[in-house]
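The structure under discussion appears below in the form of structure tokens.
Residues: numbered from 1 along the sequence shown. Computed from a prediction, not measured in an experiment: that's the story for all the values here.
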Amino acid sequence: MSSRLPEPGADERAHSDQLLQHLRELIVAQGPLPFSQYMERCLYAPGLGYYSAGKAKFGEAGDFITAPELGELFARCVVNTVRPVLAELGDEADFLELGGGSGAFAEVALKAFAESGTLPRHYLILEPSADLRERQHERLVAALPAELAARVQWLDRPPEQAWRGVLFANEVIDALPTTRFAIREGEVYEEHVALDGEGRLARIDRPADALVAGAVRHVERDLGEAFADGYRSEVLPQLPYWMQAVAGTLDAGVMLFVDYGYVRREFYLPERSDGTLMAHYRHHAHADPLWWPGLNDLTASVDFTALAEACNQAGFGVAAYLPQAQFLIGSGLQQVFEDAYLQAADEATRYRLAQQVKRLTLPEQMGESFQAMLLARGLDTLPLPAELLEADQGGRL
């Protein structure tokens with residue numbers, strides 16, 4: 001594994017060793033950790049987890065590049081789509097971004113909202129990482145006029161009071177701590193992380209509890225067939241509860257989730273017999289989540305059918321589901337590109353814009369692997385672009 005991955009530096013190794021010691025102490029005290037708990041610690045342990053420490057995560061200097069990091073086109077298309085919703089809801093409408101990343105999306109979105117005359121009352125960022133929150137604050141204060149930056153508020157937890165507006169999440173669901181399951185002699189087992197005889201991390205299976213087994217059996221019933229013996233994959237039994245906690249107080253408005261994943265029947269293809277779990281380190285993807293814990297972003301693809309079910313249970317209806325390329329085209333990508341192209345200062349900038357479009361839309365890039373799902377609740381009308389609604393593939397869910 002390590003032979004094809006960049007070698008961590010001394011500081012990175014020391015950081016990972018600290019988290020490893022924390023994990024060992026947890027396992028000694030509690031027994032083997034369900035993989036979801038291991039993933040949660042690796043990503044979010046205070047001061048030690050991947051998203052809680054000071055290392056750069058996004059962009060060329062980090063471990064992966066998200067759509068907002070490529071440039072302004074993605075955020076401007078999102079604003080095109082949701083600004084009619086904010087306009088219809090009026091002056092009390094807010095915009096809530098789950099996980100603000102580097103702050104790149106918020107920076108462009110606030111400028112675009114201001115240009116269109118549809119600024120939300122507050123731009124809220126629900127960001128669990130204190131380190132990322134500080135980076136976002138520094139970026140937005142430096143990049144935005146004071147009156148725009150003043151609209152940004154950071155939240156420690158989802159809004160507890162009823163609110164109206166738009167909830168947006170780009171590459172958030174894939175980072176939820178996932179449960180790994182396996183089928184053995186027709187029974188459901190859950191993957192755990194334990195210690196071997198030499199104190200090293202090791203993955204083992206234990207009989208699943210009722211919650212995990214029930215979630216797996218629900219998937220089997222929906223697919224119309226049982227998983228084969230030896231099949232291993234991921235499931236998010238906590239997703240309905242998470243969705244209710246995050247969006248339960250959104251009385252009227254729209255939610256937009258963009259992430260990589262599949263509809264259920266494609267997620268659980270027989271040939272995808274070891275699931276979708278991946279680790280990302282310095283723009284290298286690999287399949288060993290135990291390799292230098294705390295230095296990798298751990299992710300699993302999204303079962304968009306499960307996401308739709310969770311949103312339905314929270315009171316939202318699916319308004320549109322479609323690949324990212326079609327979502328962006330239906331959100332006015334061509335006009336956004338042309339406007340930016342005309343304003344470009346030089347040929348190098350125009351070239352970067354063209355490359356940005358390719359990364360966002362080509363099937364072999366983000367265009368087909370990433371999906372967009374729009375959901376609505378409490379609206380008398382659905383003020384979304386007609387081109388986007390016409391491209392809806394919600395029947396595939």
Ionic contact status for E187 with R184, cut-off 4.0 Å
no
CZ (R350) and CD (Q355) are apart, to the nearest 0.5 Å, by 14.5 Å
Side-chain donor-acceptor contact under 3.5 Å, R272 with S233:
no
Between L201 and Y38, is any pair of side-chain heavy atoms under 4.5 Å apart?
yes
Above 12 or not: heavy atoms from other molecules or residues under 6.0 Å from CD of Q334?
no
Should we count CD of E185 as having more than 12 external heavy atoms under 6.0 Å?
no
Evaluation steps, side chain to side chain contact (heavy atoms under 4.5 Å, CB included), between V235 and T178
CA-CA 6 Å; V235 69; T178 191; over 6 Å; no
Over 12 foreign heavy atoms within 6.0 Å of CD, Q161:
no
In Å, rounded to the nearest 0.5 Å, how long is the span from OH of Y321 to CG of L307?
9.5 Å
Centroid-to-centroid, Y281 to W292, below 6.0 Å?
no
Test side-chain hydrogen bond (donor to acceptor under 3.5 Å, both in side chains) on Q335 and D339 and set out the steps.
CA-CA 6 Å; Q335 188 63 55; D339 291 345; 2.8 Å; yes
Around atom CG of D380, are there more than 12 heavy atoms of other residues, nucleotides or ligands at under 6.0 Å?
no
Run the side chain to side chain contact (heavy atoms under 4.5 Å, CB included) test on V357 and L360 for me, step by step, so that the C-alpha distance in whole Å, both residues' side-chain angles and the decisive distance to 0.1 Å come before the verdict.
CA-CA 5 Å; V357 171; L360 291 170; 5.9 Å; no
Could you tell me whether the side chain of T381 and the main chain of P383 form a donor-acceptor pair under 3.5 Å?
no
Around atom NE2 of H137, are there more than 12 heavy atoms of other residues, nucleotides or ligands at under 6.0 Å?
no
Taking the side chain as every heavy atom from C-beta outward, state whether L132 and Y51 have any atom pair closer than 4.5 Å.
yes
State, yes or no, whether a side-chain contact exists between L388 and S331 at a heavy-atom distance under 4.5 Å.
yes
Shared ILVMFWY cluster between F74 and M366, side chains joined below 4.5 angstrom?
yes
Note: V254 and L379 closest approach over all heavy atoms is CG2-CD1, 3.8 Å
Verify, without hydrogens or angle tests, whether S16 (side chain) and P293 (backbone) share a donor-acceptor contact under 3.5 angstrom.
yes
Looking only at heavy atoms, which two atoms of V141 and A149 are closest? And how far apart?
CA-CB, 4.4 Å
Could you grab the distance from atom OG1 of T361 to atom CD of Q326, nearest 0.5 Å is fine?
11.0 Å
Angle class for the F95/F168 ring planes (parallel below 30°, perpendicular above 60°, tilted otherwise)?
tilted
Sub-3.5 Å donor-acceptor pair from the side chain of H286 to the main-chain atoms of D288, do we have one?
yes
I would like to know whether R352 and T349 meet side-chain hydrogen bond (donor to acceptor under 3.5 Å, both in side chains); could you show each step before the answer?
CA-CA 5 Å; R352 286 194 296 271; T349 304; 3.2 Å; yes
Looking only at non-hydrogen atoms, find the nearest pair between A320 and L389 and report the distance.
CB-CD2, 4.4 Å
Run the numbers on Y262 and T276 for side-chain hydrogen bond (donor to acceptor under 3.5 Å, both in side chains), then give the verdict.
CA-CA 11 Å; Y262 314 91; T276 67; over 6 Å; no
Using every non-hydrogen atom in the two residues, find where R206 and P32 come nearest and quote the distance to one decimal.
NH1-CD, 3.8 Å
Separation of L48 CG from Q18 CD (nearest 0.5 Å):
5.5 Å
So does A213 get a backbone contact from the side chain of D209, meaning a donor-acceptor N/O pair under 3.5 Å?
no
Is R133 salt-bridged to E127, cutoff N-O under 4.0 Å?
no
Look up atom CG in L43 and atom CG in D297, then write down how far apart they are to the nearest 0.5 Å.
6.0 Å
Work out which heavy atom in P177 is nearest to a heavy atom in E40; give both atom names and the distance.
CG-CB, 3.7 Å
Please indicate whether D11 has more than 12 foreign heavy atoms, meaning atoms of other residues, nucleotides or ligands, lying under 6.0 Å from its CG.
no
Main-chain N/O of F181 paired to Y231 side chain as donor or acceptor, under 3.5 Å
no
Take L236 and D303 through the test side chain to side chain contact (heavy atoms under 4.5 Å, CB included) and record every step on the way to the result.
CA-CA 9 Å; L236 286 173; D303 172 0; over 6 Å; no
L126 versus P158: any side-chain heavy-atom pair under 4.5 Å?
yes
Test ring pair (Phe, Tyr, Trp, His ring centres under 6.0 Å), reference F370, set F257, F327, Y260, output is Y260
Give the intermediate values and the outcome of side chain to side chain contact (heavy atoms under 4.5 Å, CB included) for residues W163 and L96.
CA-CA 10 Å; W163 65 287; L96 170 58; 3.7 Å; yes
Would you call R121 and D94 a salt bridge, using N to O less than 4.0 angstrom?
yes
Any Q393 side-chain heavy atom under 4.5 Å of P323 side chain
yes
Tell me whether N296 contacts the main-chain N or O of L298 through its side chain, where contact means a donor paired with an acceptor under 3.5 Å.
no
Ion pair R232/D205, N-O distance below 4.0 Å:
yes
Has E92 got a side-chain atom pairing as donor or acceptor with R164's backbone, closer than 3.5 angstrom?
no
Provide the closest heavy-atom pair for A314 versus M243 in the form atom of the first, atom of the second, distance.
CB-CG, 4.1 Å
Is any side-chain heavy atom of M373 less than 4.5 Å from a side-chain heavy atom of V302?
no
The side-chain hydrogen bond (donor to acceptor under 3.5 Å, both in side chains) partners of Q356 (sequence neighbours excluded) come to none
Check whether any side-chain heavy atom of I173 sits under 4.5 Å from a side-chain heavy atom of W242, and report yes or no.
yes
Any link between L256 and I125 through a network of hydrophobic side chains (Ile, Leu, Val, Met, Phe, Trp, Tyr) touching at under 4.5 Å?
yes
Side-chain ion pair, K111 and E107, N-O less than 4.0 Å:
yes
In Å, rounded to the nearest 0.5 Å, how long is the span from CZ of R41 to CE of M39?
13.5 Å
Looking at side-chain heavy atoms only, is the closest gap between V336 and L328 below 4.5 Å?
no
Which is it for Y123 and F113 under the ring pair (Phe, Tyr, Trp, His ring centres under 6.0 Å) test, yes or no, and what are the steps along the way?
CA-CA 10 Å; Y123 191 107; F113 280 131; 7.0 Å; no
